[in-house]
Amino acid sequence: MPKLSNKTLENMFPCPHCAKHFRTRQGLSGHIQFKHKQQKNNSTNELMNEIEEMNDIVKTMVMLKVPQAEINSVILINKRWLEIKALCRYFNITPNNQDYKNYVIFSLANK
């Protein structure tokens with residue numbers, strides 16, 4: 001494989017999502033289509049599943065006659081978590097379950 005010089009890299013096309021470089025626009029286009037579009041679809045499906053889970057939690061809380069103020073707090077905490085996850089995805093950061101636990105504990109402590 002030939003070495004890439006600075007001049008060679010100047011002529012390449014960088015991916016705006018992951019900063020990989022491609023020799024042709026077609027290569028970049030294919031990369032985005034197959035790599036990043038699939039990731040976007042997975043992220044959208046994951047987000048929809050999280051929203052459905054949140055709806056189930058709220059329905060359960062209503063059935064258990066939890067006070068509305070507490071239900072609103074849970075909804076707000078989880079809404080903010082989804083916003084944080086979306087921002088993390090933008091910066092290619094993957095939050096995990098421990099991050100969520102820390103966030104919930106911190107949110108409840110500052111309530």
Side-chain angles (χ1 to χ4, degrees):
M1 181 171 181
K3 277 191 156 185
L4 298 174
S5 67
N6 286 342
K7 182 130 175 94
T8 306
L9 289 175
E10 288 173 8
N11 296 330
M12 296 181 84
F13 300 93
C15 174
H17 303 285
C18 65
K20 287 186 178 181
H21 287 78
F22 297 88
R23 289 185 212 169
T24 64
R25 286 187 195 272
Q26 292 84 0
L28 173 61
S29 177
H31 164 78
I32 290 172
Q33 181 179 0
F34 293 107
K35 177 75 175 178
H36 298 294
K37 295 289 183 185
Q38 184 63 35
Q39 286 177 350
K40 184 177 179 184
N41 290 339
N42 289 344
S43 294
T44 301
N45 290 339
E46 183 182 313
L47 179 61
M48 293 306 294
N49 290 339
E50 290 173 359
I51 291 170
E52 284 180 31
E53 286 176 21
M54 186 62 224
N55 287 336
D56 291 342
I57 291 169
V58 170
K59 286 177 188 176
T60 301
M61 292 176 80
V62 168
M63 285 178 14
L64 295 173
K65 298 183 180 178
V66 173
Q68 189 63 42
E70 289 183 33
I71 293 173
N72 291 343
S73 293
V74 169
I75 290 170
L76 183 60
I77 287 169
N78 282 288
K79 178 182 174 269
R80 287 182 180 157
W81 175 248
L82 294 177
E83 292 168 354
I84 290 167
K85 282 183 72 172
L87 186 61
C88 287
R89 285 186 189 121
Y90 178 78
F91 291 108
N92 292 322
I93 299 168
T94 307
N96 59 31
N97 288 337
Q98 188 61 45
D99 295 324
Y100 178 69
K101 287 180 195 177
N102 292 338
Y103 166 75
V104 169
I105 291 167
F106 182 78
S107 296
L108 291 172
N110 288 321
K111 191 175 130 181

Can you hop from [X] to [Y] via hydrophobic side chains spaced under 4.5 Å?
{"X": "V62", "Y": "I75", "answer": "yes"}
{"X": "F106", "Y": "L108", "answer": "no"}
{"X": "I84", "Y": "I77", "answer": "yes"}
{"X": "I51", "Y": "I57", "answer": "no"}
{"X": "L82", "Y": "M54", "answer": "no"}

Using 0.5 Å steps for rounding, measure from the [atom1] atom of [X] to the [atom2] atom of [Y].
{"X": "K85", "Y": "E83", "atom1": "NZ", "atom2": "CD", "value": "13.0 Å"}
{"X": "W81", "Y": "C88", "atom1": "CH2", "atom2": "SG", "value": "6.5 Å"}
{"X": "Y103", "Y": "R80", "atom1": "OH", "atom2": "CZ", "value": "6.0 Å"}
{"X": "K59", "Y": "M63", "atom1": "NZ", "atom2": "CE", "value": "10.0 Å"}

Report summary line: Nearest heavy-atom contact between C15 and F22 is CB-CE1, 4.2 Å
Query - Closest heavy-atom pair and its distance - L28, F13 - result: CD2-CB, 3.8 Å
Requested in this report: Return yes if a side-chain donor-acceptor contact under 3.5 Å exists between N102 and Q98, otherwise no.
Outcome: yes
Report task. Look only at the side chain of S29 and the backbone of R25, and say whether a donor-acceptor pair between them is shorter than 3.5 Å. Result -> no
Report task. May I have the step-by-step check of side chain to side chain contact (heavy atoms under 4.5 Å, CB included) for V58 and I71, ending in yes or no? Result -> CA-CA 7 Å; V58 170; I71 293 173; 4.0 Å; yes
Requested in this report: Give a yes or no on whether N97 atom CG has more than 12 heavy-atom contacts from other residues, nucleotides or ligands under 6.0 Å away.
Outcome: no
Query raised in the report: For N49 and E53, what are the C-alpha separation, side-chain angles and deciding distance, and is it a side chain to side chain donor-acceptor pair (under 3.5 Å)?
Result: CA-CA 6 Å; N49 290 339; E53 286 176 21; over 6 Å; no
